[in-house]
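One structure is given below, encoded as structure tokens.
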Amino acid sequence: QVQLVESGGGLVQAGGSLRLSCAASGGIFSSYGTGWFRQAPGKEREFVASIGWSTGITSYTDSVKGRFTISRDNAKNTVYLQMNSLKPEDTAIYYCAARRWAGPSTVENNYTNWGQGTQVTVSS
């Protein structure tokens with residue numbers, strides 16, 4: 001089973017950028033489809049972006065299209081989430097998730113491996 005560790009969160013002003021990283025260990029990460037989810041205070045966890053394991057096809061929730069980019073570096077066993085033009089409503093804990101042989105799924109229950117999360121706070 002692959003283990004996931006997120007990093008890169010922090011406090012940023014509206015309009016700023018952050019790059020989140022999800023580092024994997026304990027498995028052949030190139031065979032895992034990976035997603036990013038987020039949970040804001042008082043809200044349910046929601047899908048943000050995902051990337052398939054083989055084709056690299058990506059999927060995004062509408063609210064981040066054009067601002068966020070998911071990518072992967074299999075040589076480094078790492079998936080990234082580049083977040084630009086951040087808004088206060090992007091404030092949340094961001095989680096990385098993975099599932100072996102998975103496409104770019106938007107469904108939380110499709111993922112079997114989860115990281116501990118990293119806090120992103122966007123001030124207005």
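Please read these numbers as outputs of a predicted model, since none were measured by experiment. Values below: all heavy atoms of this structure, side chains included; hydrogens, waters and symmetry mates excluded.
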Open item on the list: Tell me if the CD1 atom of Ile28 is crowded by more than 12 foreign heavy atoms within 6.0 Å.
Closed with: no
- [ ] For Ala49 and Tyr60, work out which heavy atoms get closest and say how close.
- [x] CB-CD2, 3.6 Å
TODO: Can you measure from OG (Ser85) to NZ (Lys87) and round to the nearest 0.5 angstrom?
DONE: 8.0 Å
- [ ] Determine the minimum heavy-atom distance between Asn84 and Ser17, stating which atoms define it.
- [x] OD1-OG, 2.9 Å
Task: Short side-chain to backbone donor-acceptor contact, Tyr111 and Ser105, under 3.5 Å - done: yes
TODO: Find out whether Trp36 and Phe68 are in side-chain contact, i.e. whether some heavy atom of one side chain is under 4.5 Å from a heavy atom of the other.
DONE: no
Open item on the list: As a quick check of understanding, evaluate side chain to side chain contact (heavy atoms under 4.5 Å, CB included) for Val5 and Gln116, giving each step before the final call.
Closed with: CA-CA 7 Å; Val5 177; Gln116 82 291 347; 4.3 Å; yes
Open item on the list: Determine whether a donor-acceptor pair (N or O, by modelled atom type, separation under 3.5 Å) exists between the side chain of Gln3 and the backbone of Gln1.
Closed with: yes
Task: Results of side chain to side chain donor-acceptor pair (under 3.5 Å) for Asp73 - residues two or more places apart only - done: none
- [ ] Consider only side-chain N and O atoms of Arg38 and Tyr94, and report whether a donor and an acceptor are under 3.5 Å apart.
- [x] yes
Task: Euclidean distance, Thr78 OG1 relative to Leu20 CG, rounded to 0.5 Å - done: 12.5 Å
- [ ] List the steps and the verdict of side chain to side chain contact (heavy atoms under 4.5 Å, CB included) for Thr61 and Thr106.
- [x] CA-CA 8 Å; Thr61 192; Thr106 65; over 6 Å; no
Open item on the list: Looking at every heavy atom in both Lys43 and Gln39, which two are closest together, and how far apart are they?
Closed with: O-NE2, 3.1 Å
Open item on the list: Just by distance, no angles: are the side chains of Arg100 and Ser31 close enough, under 3.5 Å, to form a donor-acceptor pair?
Closed with: yes
Open item on the list: Strictly distance-based, threshold 3.5 Å: is any side-chain N or O of Glu6 a donor or acceptor partner for the main-chain N or O of Thr118?
Closed with: no
Task: Gln13 side, atom CD; Ser124 side, atom OG - distance, nearest 0.5 Å - done: 9.5 Å
Task: Student check: side-chain heavy atoms of Asp90 and Met83 closer than 4.5 Å - done: no
Task: Nearest-0.5 Å distance that lies between atom OG1 in Thr34 and atom CZ in Arg99 - done: 12.5 Å
Task: Step-by-step side chain to side chain contact (heavy atoms under 4.5 Å, CB included) determination, Val79 to Tyr32 - done: CA-CA 10 Å; Val79 170; Tyr32 283 75; over 6 Å; no
- [ ] Identify whether Leu18 and Tyr95 are in the same connected component of the hydrophobic contact network (ILVMFWY, side-chain heavy atoms under 4.5 Å).
- [x] no
Open item on the list: Please determine whether residues Leu86 and Ile93 belong to a single hydrophobic cluster, defined as Ile, Leu, Val, Met, Phe, Trp and Tyr linked transitively by side-chain heavy-atom distances below 4.5 Å.
Closed with: no
TODO: Measure the OH-SG distance between Tyr80 and Cys22 for me, rounded to the nearest 0.5 Å.
DONE: 10.5 Å
TODO: For Gln119 and Thr91, run side chain to side chain contact (heavy atoms under 4.5 Å, CB included): C-alpha distance rounded to whole Å, both residues' side-chain angles, the deciding distance at 0.1 Å, then the answer.
DONE: CA-CA 8 Å; Gln119 176 71 49; Thr91 295; 4.1 Å; yes
Open item on the list: What I'd like to find out is whether the side chain of Leu4 reaches to under 4.5 Å of the side chain of Phe29, using heavy atoms alone.
Closed with: yes
Open item on the list: Salt bridge check, Asp62 against Lys65: does any charged N sit closer than 4.0 Å to a carboxylate O?
Closed with: yes
Task: Any side-chain heavy-atom pair of Val107 and Phe47 under 4.5 Å - done: no
- [ ] Any chance you could measure Ser50, atom OG, to Ile70, atom CD1, to the nearest 0.5 Å?
- [x] 6.0 Å
TODO: Considering non-hydrogen atoms only, spot the tightest contact between Val2 and Ala24 and give its length.
DONE: CG2-CB, 3.5 Å
TODO: Report the relative orientation of the aromatic rings in Trp114 and Phe37; use parallel for angles under 30°, tilted for 30 to 60°, perpendicular for over 60°.
DONE: tilted
